[in-house]
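In what follows, every chain begins at residue 1, and chains take the letters A, B, ... in the order their sequences are listed.
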Number of protein chains: 2
Amino acid sequence: MQPHALQVFRAVAEHGSITAAARTLRYTQSAVSRQIAALEAETGAILFDRLPRGVALTEQGRCLLGHAEAVLDRLDAARRDLAALRELTAGRLRVGAFPTAVAALVPRALATFRSAHPGVALSLVEGLTPGLLERLLAGDADVAVLSAASDQPLDDERFDLHHLVDEVLLVAVPRTHRLAHRRTVRLRELADDAFIAGSADAEKTLLRATLPADFRPRIDIVAAEWTGKLGCVAAGLGVALIPALAVRAAPPDLALLRLHPDDASVRRVFAATVAGRSRPPAVHRFLDHLDTAAAGLGLPDHPSGSGVTPGNTN
Amino acid sequence: MQPHALQVFRAVAEHGSITAAARTLRYTQSAVSRQIAALEAETGAILFDRLPRGVALTEQGRCLLGHAEAVLDRLDAARRDLAALRELTAGRLRVGAFPTAVAALVPRALATFRSAHPGVALSLVEGLTPGLLERLLAGDADVAVLSAASDQPLDDERFDLHHLVDEVLLVAVPRTHRLAHRRTVRLRELADDAFIAGSADAEKTLLRATLPADFRPRIDIVAAEWTGKLGCVAAGLGVALIPALAVRAAPPDLALLRLHPDDASVRRVFAATVAGRSRPPAVHRFLDHLDTAAAGLGLPDHPSGSGVTPGNTN
DNA sequence: ATCCCGCCATGCTCTCGCGGCATGGCTGGC
DNA sequence: GCCAGCCATGCCGCGAGAGCATGGCGGGAT
C-alpha cells in the first residue's frame, strides 16, 4: 500500500493498460505488472480483469481506486502545505516586541515582510521583556524583539539572541538651542535645561535604568505621547530625552543629539527565539526584514557606529 | 512519504520521544531516528525540535501530522473496505435468472446467502437467456442463472458455465390417475388425457422447445399460474406439464411423474459468468449457495440422476 | 487459415533502501 | 562529578524492486 504502488495502480486504471501506464510512468511493463500483482497479493483482491486488449477494473479495483485517489490527493496536499510553509505563502508569524520597538522598527519590518509574503498571517503583541520571554517559552510567540541594558547581559542560555541595533538615547532640543549644532552632548551640559517628561511612570521605567542615578533632571512639563513631547520641544519649552527607536522620521524643526555613552548605558536590541527550537522559515525570513528595517533606521548596529541619521519619512 | 514512514512519524509525535516510539513499534531507536531524518529531508522541513528530554513537534510537524493521520486513516479504511468485500460483510450481488428459476431455486439460494452474509446488497432480475447474457456482458449483472437445451449447447466461449441441475419436465397427475404410481411415463401414454396449459404463449415458449414437434396435447383448460394449474390437476380436471424447478414443495394431493428423457429434451441449468472476468467473492460464494439450493431441490444434477423427490416445504 | 503483433506474466540479476548493531555527543539529575 | 537517558551516525547485511529477456495468449490483417 505504498503511495508508489497506488500511483502505479491509478495510472493503470486510467489507461486501462499496463503497458500504456508503464510508458507514461517511464517504467518497464514488467515492473508495473509486478506492482499490480504485489498490490493484489497485499489486498487479497483481484483488482483488474485481464482482457485480451488491456485490463479493466473489477469491483474491488474500483473500491480501491477511490481510496487510492484520496490518499494520493492528501499526500499532495501535505506536500503543498509544507511547501507553502517553506516558501512563505502560508502559515503565521507571531511577533512580540517591547514598546519602543513597535514605534517604527517592528512595524516597518512587518510591512516589508507582509508585502513580500502576503500569505503569512501576522500578529504583533506588545509587552515588556520578561513577559515576552514568557510568551516565547510558552510557545505563544515565534520571535520577540526586546532590549537589554549592556550591563544586564540577558545571557539566558534558553534563548538565541540576534542583535539588531543599539538603542541610543537622544536629546531633542529646539533648532535654536545653544547645543543644536552638536552631535553629542553630556548630561551635565543640560543641567540647567527644562526637561519635558513623558508620564512620571514612563520616565521612571524607561530612563531610570539607563541614566546615572545621580542625575535629577528638572521637569517642567509632562507630555504623555512622543508626538506631544517633541512638539513642546519644537516650541522651545525645553528639551526631552527620547530613545532613537521612538523617532519615526527626522523632525525638521528640532535637533536630535546623541547622548555621550558614558552618561547613558546603551541598551542592545535583540530578536530572541527559544534556543534549541527550530526557527520556522517565517521567523528566519523575518529576521532579515528586521535587519534591513534596523539598517533603514540609520542607527548604529554596534556601539561604535556612526552618527545619528534618523530614518526616512514614512 | 511512505505510509510506513508516516506511521513512524505519528508514533514519534504521540510519544514525544524517538526511543519510546521505537519501543512500541518494535524497532530500534536508530531506525526510527533515520526514518524521521529521511522524512525531514524529503519534506524539506524540520518536523521535530530535539529537546534534551525527547522531541517536540514544530509547527511544520503539526502541519504534516494532520495530513499523515488522514492518510493513514484512509489507508485503513481502504483495507477495511476491501476486507469487507472479501469477507462478504459488504458489497452487492446482482443476480439474473430465467423465469422458472425464480420460483424456488434462486430465491432459496438468495435466502441462505442473505442469512449468511447480511451485509451484501442483493438484487434479482428475471429475464430470458439472451437478455441475461446481454446483462452479463454489459456488466449489469454479476451472475446469471439460465437454461439451455442439451441440443443447443450454448457453447459461447465468452461465458463460464457452472452446471447446477437439469431441468427435467414433470407430469402432474391426480393421485387417482391411472399412472399415479409410475415414476416415469412416455408422452404417448398421455395422448388421451386432457392437458391443462399455462397461457397459450407460455406453453409455446416453455414446451415447444422441449417436446417433440409432433406431439399435440389436447388442451382443455388454460391456467396462467402454476398454482392454479396444479389445483386443477388435483381437482381431477386433467394433467399438466411442469418443469421440476417450478415445484416449490411436494404437493400432497397429486403425483409428479418424470417424463421419459426421449420425449423431452433435458434443459441444463447453469450459473453463467463472463469468461475471463474475475469472480468477485460474492459471486463465488453465491455459486455454493446455488449448489446447495439445487441439491435441496432433490433434482438430478446430471442426466443419470435419481428419481424425483421434491424439495422440502419452505 | 495463418502469421504477426500487442498484451500480460515470470525467471533472473543487480542495486539501493532500510533495519539492526555499535558507538559517540549531549544534557539533566542523583 | 558521575551516570543515565536521549538522539545522531558509521558500518553491515538482507530484501524489495526495477530492468532485461522470454514465453503464452488472443485478435486482426493478409
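- Residue B:Pro52 has its side chain nearest to C:dT27 when only C:dT10, C:dT27, D:dG26 are considered.
- Rounded to whole Å, the distance from CG on A:Leu51 to P on C:dG6 is 18 Å.
- For A:Glu134, the CD atom counts as loosely surrounded, since its 6.0 Å shell holds 12 or fewer non-hydrogen atoms of other residues, nucleotides or ligands.
- When ring centroids are compared, A:Phe48 and A:Phe9 come within the 6.0 Å threshold.
- Following rounding to the nearest Å, B:Ile46 (CD1) and D:dA8 (P) show an atom-to-atom distance of 11 Å.
- The phosphate of C:dC8 (OP1 or OP2) has no side-chain N or O of A:Ser33 nearer than 4.0 angstrom.
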Between protein and nucleic acid, restricted to nucleotides 16-24 of chain C and to nitrogen or oxygen atoms under 3.5 Å apart, what atom pairs and distances do you find?
unit_1	atom_1	unit_2	atom_2	d
C:dC18	OP1	B:Gln2	OE1	3.0
C:dG19	OP1	B:His4	ND1	3.4
C:dG19	OP1	B:Gln35	NE2	2.7
C:dG19	OP2	B:Gln35	NE2	2.9
C:dG20	OP2	B:Thr28	N	3.0
C:dG20	OP2	B:Thr28	OG1	2.9
C:dG20	O6	B:Arg34	NH2	3.3
C:dC21	N4	B:Ser30	OG	3.0

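- Looking only at side-chain heavy atoms (C-beta outward), A:Val145 and A:Val269 come within less than 4.5 Å of each other.
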Would you please test A:Glu42 and B:Arg79 for side chain to side chain contact (heavy atoms under 4.5 Å, CB included) and show each step? CA-CA 10 Å; A:Glu42 182 183 353; B:Arg79 271 185 276 265; 4.3 Å; yes
Checking side chain to side chain contact (heavy atoms under 4.5 Å, CB included) for the pair B:Leu85/B:Asp81: CA distance, chi angles, key distance, verdict? CA-CA 6 Å; B:Leu85 250 57; B:Asp81 279 6; 5.9 Å; no
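- By the side-chain hydrogen bond (donor to acceptor under 3.5 Å, both in side chains) test, A:Gln29 pairs with no residue at all, sequence neighbours left out.
- The side chain of A:Arg50 lies closest to C:dA9 when the candidates are D:dG5, C:dA9, D:dC7.
- Taking atom CD1 of A:Ile36 as the reference point, atom P of C:dC7 lies 16 Å away to the nearest angstrom.
- The stretch residues 18-25 of chain A comes close to DNA chain C through A:Ile18, A:Thr19, each having a heavy atom under 4.0 Å from the strand.
- Partners of B:His162 according to the side-chain hydrogen bond (donor to acceptor under 3.5 Å, both in side chains) rule, which considers only residues two or more places apart in sequence or in another chain, are B:Asp291.
- A search for side-chain hydrogen bond (donor to acceptor under 3.5 Å, both in side chains) contacts involving A:Arg74 returns B:His67, not counting sequence neighbours.
- A straight line from NE2 of B:His15 to C1' of D:dC7 spans 17 Å, rounded to a whole angstrom.
- Of the two residues near DNA chain C, A:Val55 and B:Arg53, the one whose nearest nucleotide lies more 5' is A:Val55.
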Solution key, residues 10-21 of chain B side-chain donor-acceptor pairs under 3.5 Å, sequence neighbours excluded:
unit_1	atom_1	unit_2	atom_2	d
B:His15	ND1	B:Ala11	O	2.9
B:Ser17	OG	B:Thr19	N	3.2
B:Ser17	OG	B:Ala20	N	2.9

